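As structure tokens, the structure follows; a few thoughts come after it.
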Amino acid sequence: MTMTEISSVRAIVWQSHCLKLLDQRRLPREQIWFECQTTTHVVDAIRSMVVRGAPAIGIAAAYGVVLAAYAHRDQPVAQAQILLVNVMDQLAEARPTAVNLMWALAQMREVLFSENILNASVDWICQLEQKAKAIHQADYDDNFRMAELGAQWLAAHVPQGKKALTHCNTGALATAGYGTALGVIRTAFQKNIISGVYVDETRPWLQGTRLTAWELQQEKIPFEVIVDSAAASILRQGQVSCVLVGADRIAKNGDVVNKIGTYALAIAARYHQIKLMVVAPTSTLDLTLNSGVEIPIETREGSEILAWRGEWLAPEYAQAYNPVFDMTPAELIDVIVTERGVIENPAAQGICF
Ligand code: MRU
């Protein structure tokens, strides 16, 4: 499958030694491309959420390494290796929770230190560029595999023709294209497994209101945006058959860290006996961690809560606490869908294929 066949949105473009990112801070009002000519630009883009969503962050970081390689093209390879390790450390620190970032950097590091890289006849920069492109393409392909697997699982396990409820943005904007949970939603809608979507607004950054709504509108999938706190009472009304979310990191025991609000949603879904599906590529797995409590949770500036687009909403000097992810224990998750297969009831056996 090529990158242009299906998904209408492609938010990450590598073109003529430049990384172009569709600026997610400006959507849906403006479609502006943020151009990264240097690794510093990529670090800034990840930190400031020009690019966001676990798989998309990983892909951007891989291209960030390629930009550094071009910047040091005149150095002997052994010298460039030292400089690039330093660059990778800067990229890794840009955001702490999504493990796809560290995963992609580990892939790039493997190429950088592969046996043949010091061989004069090998174009080491070309090898790094090929690896970044491969990570990008593999994520795109994996999304379609997960969409099929997830839709098949829903067809067999939930009442047909009801609505799905989703949180945050897990679509083409958060990945190489098509999406994880939103990819399953797209495919499930095409197959009439679901009839529409409730979209959590996703406070405070409003990934749902701004980004998921924008993607669903382009696909002509019926949706309604709801405030996050409406989700539990909507689940009680009986029109929702499944809750679908993505993940930023999944521990060995199946605990999932995802956008803040996912845990509350999981509790509400279980109480109302509605299935909770987590959709994430294997690049989101962190099998070095035994449980989700070990996963670092990013906290961001209080101004994300207390102000909106520069307008201060709270009383002067108000303080805010802004953890942007939370941990959902495996026991609240019915199924985790990866490109390698489906893990039902992850609490029983943890992550194994
Ligand atoms: O802070 P964000 O917008 O980067 O958080 C994104 C999420 O939490 C997504 O649910 C997750 O990364 C999966 S995206 C396919």
Side-chain angles (χ1 to χ4, degrees), residues 2-3 10-23 33-142 175-176 249 281-289 296 298:
T2 66
M3 298 243 182
R10 287 166 55 215
I12 305 173
V13 175
W14 175 250
Q15 209 173 51
S16 319
H17 304 177
C18 175
L19 178 64
K20 295 184 179 174
L21 301 167
L22 188 54
D23 192 337
W33 290 91
F34 183 96
E35 298 196 356
C36 303
Q37 315 274 2
T38 67
T39 316
T40 308
H41 293 156
V42 181
V43 172
D44 287 347
I46 294 173
R47 236 185 236 141
S48 65
M49 314 251 297
V50 167
V51 58
R52 47 141 299 280
I57 292 171
I59 296 162
Y63 285 122
V65 175
V66 181
L67 287 171
Y70 277 113
H72 297 300
R73 66 191 320 161
D74 297 332
Q75 307 272 353
V77 189
Q79 183 66 29
Q81 282 175 324
I82 297 167
L83 294 166
L84 262 65
V85 165
N86 183 27
V87 159
M88 287 188 203
D89 290 345
Q90 290 167 31
L91 283 160
E93 283 165 14
R95 287 193 78 188
T97 302
V99 78
N100 307 59
L101 174 57
M102 297 67 179
W103 174 87
L105 292 171
Q107 303 276 308
M108 298 301 283
R109 186 185 286 249
E110 221 170 84
V111 173
L112 185 62
F113 288 96
S114 60
E115 265 179 33
N116 68 354
I117 212 89
L118 294 172
N119 185 330
S121 65
V122 169
D123 184 342
W124 62 280
I125 299 183
C126 178
Q127 299 232 341
L128 285 172
E129 186 168 350
Q130 290 312 320
K131 186 66 186 178
K133 286 179 177 171
I135 289 171
H136 194 177
Q137 180 68 45
D139 185 68
Y140 188 75
D141 295 340
D142 290 347
T175 61
R249 205 187 287 215
T282 49
S283 53
T284 305
L285 303 179
D286 186 347
L287 303 181
T288 67
L289 301 182
E298 176 183 5

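The structure presented is a predicted model; accordingly, all values stated were derived computationally and were not measured.
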Taking every non-hydrogen atom, the tightest pair across Glu35 and Cys18: CB-SG, 4.0 Å
Point-to-point distance, once rounded to the nearest 0.5 Å, from CG of Leu112 to CG of Leu84: 5.5 Å
Tyr140 vs Ile59 side-chain heavy atoms within contact, under 4.5 Å: no
Atom of Gln15, atom of Lys20 and distance for their closest heavy-atom approach: OE1-NZ, 2.6 Å
Flag side-chain contact, heavy atom, 4.5 Å: Thr39 against Tyr70: no
Minimum-distance pair of heavy atoms, taken over all atoms of His72 and Trp124: O-CZ2, 4.0 Å
Residues forming a side chain to side chain contact (heavy atoms under 4.5 Å, CB included) with Trp103, sequence neighbours excluded: Gln107, Ile135, Ser283
Straight-line distance of Leu19 CG to Gln37 CD, nearest 0.5 Å: 10.0 Å
Where at least one partner belongs to residues 75-91, residue pairs that pass side-chain hydrogen bond (donor to acceptor under 3.5 Å, both in side chains), sequence neighbours excluded: none
N/O donor-acceptor pair under 3.5 Å between Asp139 side chain and Ala176 backbone: yes
Worked verdict on Ile46 versus Val51 for side-chain contact (heavy atoms from CB on, under 4.5 Å): CA-CA 5 Å; Ile46 294 173; Val51 58; 3.8 Å; yes
Closest contact, heavy atoms only, Trp33 versus Arg10: CH2-O, 3.1 Å
Test item: Lys131 and Gln127 side chains (from C-beta on) under 4.5 Å apart, heavy atoms: no
Atom pair CG/NE2 of Leu21 and His41 - distance to nearest 0.5 Å: 11.5 Å
Mutual orientation of the aromatic rings belonging to Tyr63 and His136 [parallel < 30°, tilted 30-60°, perpendicular > 60°]: perpendicular
Full working for side-chain contact (heavy atoms from CB on, under 4.5 Å) between Met108 and Val66: CA-CA 9 Å; Met108 298 301 283; Val66 181; 3.8 Å; yes
Chi angles and distances behind the side-chain contact (heavy atoms from CB on, under 4.5 Å) call for Thr40, Asp44: CA-CA 6 Å; Thr40 308; Asp44 287 347; 4.2 Å; yes
OG1-CG distance between Thr284 and Asn100, expressed to the nearest 0.5 angstrom: 3.5 Å
Minimal non-hydrogen separation, Leu67 against His17, with atom names: CD2-O, 3.4 Å
From CE (Met88) to CD (Glu93), nearest 0.5 Å: 14.0 Å
Minimal non-hydrogen separation, Met102 against Ala92, with atom names: CE-O, 3.7 Å
Backbone N/O of Pro296 and side chain of Thr97: donor-acceptor pair under 3.5 Å: yes
Heavy-atom side-chain proximity of Asp23 to Val50 below 4.5 angstrom: yes
Nearest-0.5 Å distance, CD of residue Glu110 to CG of residue Leu105: 12.5 Å
